Amino acid sequence: METEVLLLEHDVPHQPFSQAVLACLLPPTFSITAEASLTYAEAQLMMDDAGRKDPVTSSLRGLNSLAKILKQRRIQNGALTLASPEVRFHIDSETHDPIDLQTKELK
């Protein structure tokens, strides 16, 4: 309800979800429990370590494989691919001015 009020206040067009969409949702009793809380870098290190055979790493590798398959399907179906590296700014602690720029290549 609160979300709908915000949308109305800011004149954002919106429609309720159709029954077909609602039928795809998981039941309200469904829950997910986290086995680990990782940054992208930590997850990548785990997947890259061939000696790791633990359940979290195995799950990460499986999800990564699935993500690659889905990405390939999107590309085959005409998805637009934009290659933009992650950019991080190093900020001076006193002046708050940017003093350096670092880019990270996407894998």
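Everything quoted here is computed from the prediction, not taken from an experiment.
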Distance check, rounded to the nearest 0.5 Å: [X] atom [atom1] versus [Y] atom [atom2]?
X	Y	atom1	atom2	value
Leu66	Lys71	CG	NZ	13.5 Å
Ser65	Met47	OG	CE	9.0 Å
Gln102	Asp100	CD	CG	7.5 Å
Gln72	Asn77	CD	CG	10.0 Å
Ser58	Leu63	OG	CG	11.0 Å
Arg74	Ile69	CZ	CD1	12.0 Å

Q. Do Glu86 and Thr103 have side chains that get closer than 4.5 Å, going by heavy atoms?
A. no
For a quick test of reading the model, state the closest non-hydrogen atom pair linking [X] to [Y] and the distance between them.
X	Y	answer
Phe89	Leu101	CE2-CD1, 3.6 Å
Met46	Arg61	O-NH2, 3.5 Å
Thr39	Glu42	N-OE1, 2.8 Å
Asp54	Thr57	OD1-OG1, 2.8 Å

Q. For Glu35, does the CD atom sit with more than 12 other heavy atoms under 6.0 Å from it, leaving out its own atoms?
A.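 Not buried by this count: 12 neighbours or fewer within 6.0 Å.
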(Q) Taking atom CD as the centre, does Glu9 end up with more than 12 heavy-atom neighbours from other residues, nucleotides or ligands that are less than 6.0 angstrom away? (A) yes
(Q) Let's go through Leu38 and Tyr40 carefully: what are the C-alpha distance in whole Å and the side-chain angles of both, what is the deciding distance for side chain to side chain contact (heavy atoms under 4.5 Å, CB included) to 0.1 Å, and is it a yes or a no? (A) CA-CA 6 Å; Leu38 306 167; Tyr40 287 111; over 6 Å; no
Q: Would you kindly confirm whether Ile99 and Val87 end up in one hydrophobic cluster when ILVMFWY residues are joined by side chain heavy atoms under 4.5 Å apart?
A: no
Q. In terms of hydrophobic clustering (I, L, V, M, F, W, Y; side-chain heavy atoms under 4.5 Å; direct or indirect links), are Ile32 and Leu26 co-clustered?
A.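 As far as the 4.5 Å side-chain criterion goes, Leu26 and Ile32 are connected within one cluster.
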